[in-house]
Number of protein chains: 2
Amino acid sequence: MLSTPELLLIEDDPGIRRFLRASLAAGQYRLCECETGQDGLAQAAARQPELIILDLGLPDMDGVALIRQVRSWSQIPIIVLSAQGQESVKIAALDAGADDFVSKPFAVGELTARIRAALRRSAGLPGGGQIFRAGRIEVDLDKRVVLADGEEVHLTPIEFKLLRVLVRHAGRVITQRQLLNEVWGPHHMEQAHYLRVYMAQLRRKLEVEPARPRHFLTEPGVGYRLVGDLAC
Amino acid sequence: MLSTPELLLIEDDPGIRRFLRASLAAGQYRLCECETGQDGLAQAAARQPELIILDLGLPDMDGVALIRQVRSWSQIPIIVLSAQGQESVKIAALDAGADDFVSKPFAVGELTARIRAALRRSAGLPGGGQIFRAGRIEVDLDKRVVLADGEEVHLTPIEFKLLRVLVRHAGRVITQRQLLNEVWGPHHMEQAHYLRVYMAQLRRKLEVEPARPRHFLTEPGVGYRLVGDLAC
DNA sequence: CCGCTTTCTTGATACTTTCTTGATGCCGAT
DNA sequence: ATCGGCATCAAGAAAGTATCAAGAAAGCGG
């Protein structure tokens with residue numbers, strides 16, 4: 001069960017890495033660590049973490065450039081750490097797309113509070129559980145639980161990721177590229193076949209008549225759309 | 001957004017108010033100022049600003065409590081200012097629902113960068129979906145959904161592309177070449193036949209009397225025009 | 001560390017929708 | 001009447017989609 005959020009830490013200083021590993025990985029979050037910007041970019045694309053903590057002063061590339069690259073395909077929250085508290089650096093990072101900026105030395109408590117704030121925002125929820133309903137289907141994104149006719153339905157990690165994206169955009173059409181990007185990452189945006197396999201899987205598990213879907217609708221040539229009771 | 005974003009400033013210190021008024025109200029934003037927490041809450045509810053800047057050290061009420069109250073009904077971004085840089089205060093404010101925390105004394109450049117970051121984020125989510133209406137027709141370009149008499153109408157990719165161009169230029173005549181260019185690309189600008197086929201399709205699906213179109217009008221020798229209720 | 005189970009990836013095939021294209025008829029203008 | 005621009009219908013071609021299934025990979029428990 002992958003319920004704890006995964007954070008990606010991009011930081012070259014081993015001391016700080018150890019420090020944050022101790023502070024963050026202790027139950028609350030899973031932590032994935034990188035030492036270089038290149039590796040960080042690759043990991044961000046491959047693992048699709050829920051949040052990125054980025055040290056601006058990397059040896060191999062400019063931190064602001066890294067932010068821009070990530071922002072070219074994703075809205076993952078990025079919290080920047082930096083030894084330089086210079087105002088111009090902060091502005092550059094924030095305007096490049098960073099969500100928050102923390103100067104070193106920092107207090108862990110504050111950092112974790114800012115992480116919570118960023119995750120809360122990106123979840124799009126006040127913190128209390130929002131439940132999506134569509135006919136006999138019930139989805140609780142927080143608890144990571146899906147019910148059909150009140151019965152719990154087991155979903156694999158990818159199935160749930162896909163469902164989550166659909167639920168978050170419920171009512172509107174999502175393009176195949178967008179789904180592929182958000183579920184498999186930017187390197188798989190041509191593998192539309194994955195989408196078909198997993199959409200069929202979701203329908204098989206959640207639709208009454210998988211062959212005649214009432215909620216997981218296909219928009220041929222475009223993408224898919226999840227229609228539920230709460231229409232916006 | 002058509003007009004400049006409105007910010008609500010809740011701050012008892014007249015000096016800082018004057019300072020921020022000078023920095024923020026100069027063209028970029030509209031600024032609404034309050035001296036007390038009570039007034040701030042009232043203004044937040046009444047004016048629905050796009051962002052709140054809140055001084056934690058208000059004379060009449062606890063800032064953290066104010067954050068909680070606002071959060072009980074709204075997700076407006078809140079940036080906290082505070083003279084106390086104490087970690088526990090920051091954590092309390094962020095966990096109460098604040099989006100960001102800036103300690104005094106602060107640099108305007110950083111504050112405005114953080115404001116931009118917060119506004120950018122909040123702009124992304126709810127979707128400023130403007131809906132085009134024309135008689136019984138309703139077009140939501142964001143959701144990619146079209147209704148006629150409240151009933152959903154399915155459009156193929158090309159049909160929707162064509163409709164989108166028409167909606168974006170609603171009220172004006174669009175030449176055939178322009179439509180062909182925007183829908184099929186610059187290599188098909190001579191295929192006026194495509195246009196006739198698909199325009200007929202749109203009329204068949206959306207007009208009450210396809211033979212006597214009321215909204216999808218032909219301008220002989222020139223192109224087409226979509227007339228609706230909201231002109232822009 | 002190994003074997004077992006679950007999940008992911010990939011391929012093959014049948015099926016559906018959509019696009020393109022040609023034929024035909026209408027209407028107004030010359 | 002004839003011609004050019006427009007509307008409509010229809011059918012084959014092309015593109016896109018659903019589903020099954022099996023080997024590969026990854027995760028889990030002992």
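Just so it is clear: chains get the letters A, B, ... in the order the sequence lines come, proteins before strands, and each one is counted from 1.
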Minimum heavy-atom separation for L206(B) and A148(B), please, with both atom names. CD2-CB, 4.3 Å
Whole-Å distance, Y194(B) OH to dC19(C) P, equals 11 Å
Within a 6.0 Å radius of atom CZ on R18(A), are there more than 12 heavy atoms belonging to other residues, nucleotides or ligands? no
Nearest-angstrom distance from the residue atom CD1 of I158(B) to C1' of dA15(D): 11 Å
Spacing between R30(A) atom CZ and dG27(D) atom P, to the nearest angstrom: 11 Å
Between dG22(C), dT20(C), dT18(C), which nucleotide gets closest to the side-chain atoms of H193(B)? dG22(C)
Can you identify which nucleotide, out of dA18(D), dG22(C), dC19(C), has its nearest atom closest to the T218(A) side chain? dA18(D)
What's A211(B) touching, base or sugar-phosphate or nothing? Going by heavy atoms closer than 4.0 Å. sugar-phosphate
From CG of L195(B) over to C1' of dC6(D), roughly how many Å is that when rounded to an integer? 11 Å
Give one of base, sugar-phosphate or nothing for F216(B), where a contact means two heavy atoms less than 4.0 Å apart. nothing
Atom pair distance, as rounded to whole Å: CZ in R196(B) and P in dA23(C): 16 Å
Starting at atom CZ of R203(A), determine the distance to atom P of dT17(D), rounded to an integer number of angstrom. 10 Å
Length of the CG-P vector between L155(B) and dC19(C), whole Å: 10 Å
Is H154(B) touching bases, backbone alone, or none of the nucleic acid, heavy atoms closer than 4.0 Å? sugar-phosphate
Across the strands shown, which category fits Q176(B) at heavy-atom distances under 4.0 angstrom: base, sugar-phosphate, nothing? sugar-phosphate
If only side-chain N and O atoms count, and only distance matters, is there a donor-acceptor pair under 3.5 Å linking R196(A) with T218(A)? no
Rounded to whole Å, the OH-C1' distance (Y198(A) to dT10(C)) equals 11 Å
